[in-house]
Amino acid sequence: MKQLTRKKWKDPGIVMVIILSLVSLFVWIWWPTETFIGGISLAGWAMFVCFFIWLALTVAYVIWMEKIEKEEIE
């Protein structure tokens with residue numbers, strides 16, 4: 001198996017997977033079951049907020065990849 005180089009660790013896909021894994025790990029470790037705000041559990045609110053996090057990460061990933069592809073072409 002090839003060693004991951006410093007450049008590989010800066011790959012947008014690997015960075016995004018690490019970020020998504022950390023956010024998911026946080027939600028699974030701290031899964032509020034009996035706390036409700038506005039009639040909705042904190043788990044539901046966390047999933048709602050995470051939607052916007054995923055959306056921002058997706059936009060960042062697309063822009064990052066386009067920038068890398070543009071640099072490779074030039």
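Just so we're clear, the structure is a prediction, and the values are computed from it rather than from any experiment.
- Trp45 has its side chain within reach of Phe48: a pair of non-hydrogen atoms, C-beta onward, lies under 4.5 Å apart.
- Here the straight-line distance linking atom CD1 of Ile53 with atom OG of Ser24 works out to 10.0 Å at 0.5 Å rounding.
- In the hydrophobic cluster analysis, where Ile, Leu, Val, Met, Phe, Trp and Tyr join through side-chain heavy atoms closer than 4.5 angstrom, Met65 is grouped apart from Val62.
- By the rule that hydrophobic residues join a cluster once side-chain heavy atoms approach within less than 4.5 Å of another member, Ile68 and Leu57 end up as members of one cluster.
- Counting only heavy atoms from C-beta outward, the side chains of Val15 and Tyr61 never approach each other to under 4.5 Å.
- Leu20 and Val49 fall within a single hydrophobic cluster, where Ile, Leu, Val, Met, Phe, Trp and Tyr side chains are chained together by heavy-atom contacts under 4.5 Å.
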